[in-house]
Trainee: 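Structure incoming, see below.
So you know, we letter chains A, B, ... as the sequences are listed, proteins then strands, and number each from 1.
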Amino acid sequence: MTFRAQVYEITKKIPRGKVATYGQLAKLAGKPKAARAVGSLMRTNPNAPRTPCHRVVARDGSLTGYSGKGGITGKKSMLLNEGVLFKKNKVNLKLSHWLPKKSFGI
DNA sequence: GGCCTGACTTTAG
DNA sequence: GCTAAAGCCAGGC
């Protein structure tokens with residue numbers, strides 16, 4: 001299992017109405033400091049429809065990137081549609097932050 | 001295999 | 001609260 005596959009698998013496990021951070025995914029994938037790489041993987045994700053990359057936000061809840069349709073705006077709209085709460089222009093992590101399982105069978 | 005880039009994160013000013 | 005700089009990692013050329 002490559003780091004990339006790990007990130008995609010974990011991202012697909014993010015429940016509807018919740019969000020995770022790049023650093024969080026990196027940590028779960030085994031590379032606590034690979035948040036930047038995670039962002040790159042999302043940007044070049046070969047399986048966009050299968051990977052809910054719109055549920056991945058920055059550490060403070062800011063919506064960054066998103067190469068999909070609608071850009072940041074579309075990303076925000078999808079999150080709102082899934083029940084993710086927002087605080088101004090950022091995600092309310094206090095209420096919508098995903099609490100991951102202990103292990104993914106790595 | 002080496003260099004450049006970037007959807008990150010943290011610390012300092 | 002905002003801007004700048006440094007550290008880290010994988011992908012693409």
Trainee: In whole angstrom, what separates A:L28's CG from B:dC8's P?
Mentor: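 Checked: the CG to P distance equals 18 Å.
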
Trainee: Specify the separation, in whole Å, of atom CD of A:Q24 and atom C1' of B:dT10.
Mentor: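 In whole Å, B:dT10 C1' lies 17 Å from A:Q24 CD.
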
Trainee: A:K12: what forms a side chain to side chain donor-acceptor pair (under 3.5 Å) with it, not counting sequence neighbours?
Mentor: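 Expected list: A:E9.
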
Trainee: Give every pair of a protein N or O atom and an N or O atom of nucleotides 3-7 of chain B that lie under 3.5 Å apart, one pair per line with the distance.
Mentor:
{"from": "B:dG6", "atom 1": "N2", "to": "A:S40", "atom 2": "OG", "distance (Å)": "3.0"}
{"from": "B:dG6", "atom 1": "N3", "to": "A:S40", "atom 2": "OG", "distance (Å)": "3.3"}
{"from": "B:dA7", "atom 1": "O4'", "to": "A:G65", "atom 2": "N", "distance (Å)": "3.3"}
{"from": "B:dA7", "atom 1": "N7", "to": "A:R43", "atom 2": "N", "distance (Å)": "3.1"}
{"from": "B:dA7", "atom 1": "N6", "to": "A:M42", "atom 2": "O", "distance (Å)": "2.9"}
{"from": "B:dA7", "atom 1": "N3", "to": "A:Y22", "atom 2": "OH", "distance (Å)": "2.7"}

Trainee: Kindly write out the residues that satisfy side chain to side chain donor-acceptor pair (under 3.5 Å) with A:S67, not counting sequence neighbours, or none if the list is empty.
Mentor: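 Once residues adjacent in sequence are excluded, A:S67 has no partner under the side chain to side chain donor-acceptor pair (under 3.5 Å) criterion.
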
Trainee: Rounded to whole Å, how long is the line connecting atom NZ of A:K31 with atom C1' of B:dT9?
Mentor: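 Rounded to the whole Å, the gap is 18 Å.
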
Trainee: Rounding to a whole Å, what distance do you find between A:K27:NZ and C:dC8:P?
Mentor: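 It works out to 18 Å between those atoms.
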
Trainee: Under 3.5 Å, which donor-acceptor pairs do the side chains of residues 69-80 of chain A form with other protein atoms, sequence neighbours left out?
Mentor:
{"from": "A:K75", "atom 1": "NZ", "to": "A:V56", "atom 2": "O", "distance (Å)": "2.8"}
{"from": "A:K75", "atom 1": "NZ", "to": "A:T64", "atom 2": "O", "distance (Å)": "3.3"}
{"from": "A:S77", "atom 1": "OG", "to": "A:T73", "atom 2": "O", "distance (Å)": "3.0"}

Trainee: Of the nucleotides C:dG12, B:dT10, C:dC8, which one has an atom closest to the side chain of A:K33?
Mentor: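 Nearest to the side-chain atoms of A:K33, counting from C-beta on, is C:dC8.
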
Trainee: Quick one: side-chain hydrogen bond (donor to acceptor under 3.5 Å, both in side chains) pairs with a partner in residues 31-40 of chain A, sequence neighbours left out?
Mentor: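 The answer is none; no pair qualifies.
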
Trainee: Can you check the A:Q6 CD to C:dG11 P distance for me, whole Å?
Mentor: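 The answer, rounded to whole Å, is 13 Å.
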
Trainee: Taking the side chain as every heavy atom from C-beta outward, state whether A:T21 and A:H97 have any pair of such atoms under 4.5 Å apart.
Mentor: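 In short, these two side chains touch, coming nearer than 4.5 Å.
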
Trainee: In whole angstroms, how far is the C1' atom of B:dC8 from the CG atom of A:L93?
Mentor: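 Value for this atom pair: 14 Å.
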
Trainee: Not counting sequence neighbours, which residues clear side-chain contact (heavy atoms from CB on, under 4.5 Å) with A:A37? List them please.
Mentor: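 Partners of A:A37 by the side-chain contact (heavy atoms from CB on, under 4.5 Å) criterion, ordered by chain and then number, come out as A:F3, A:A34.
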
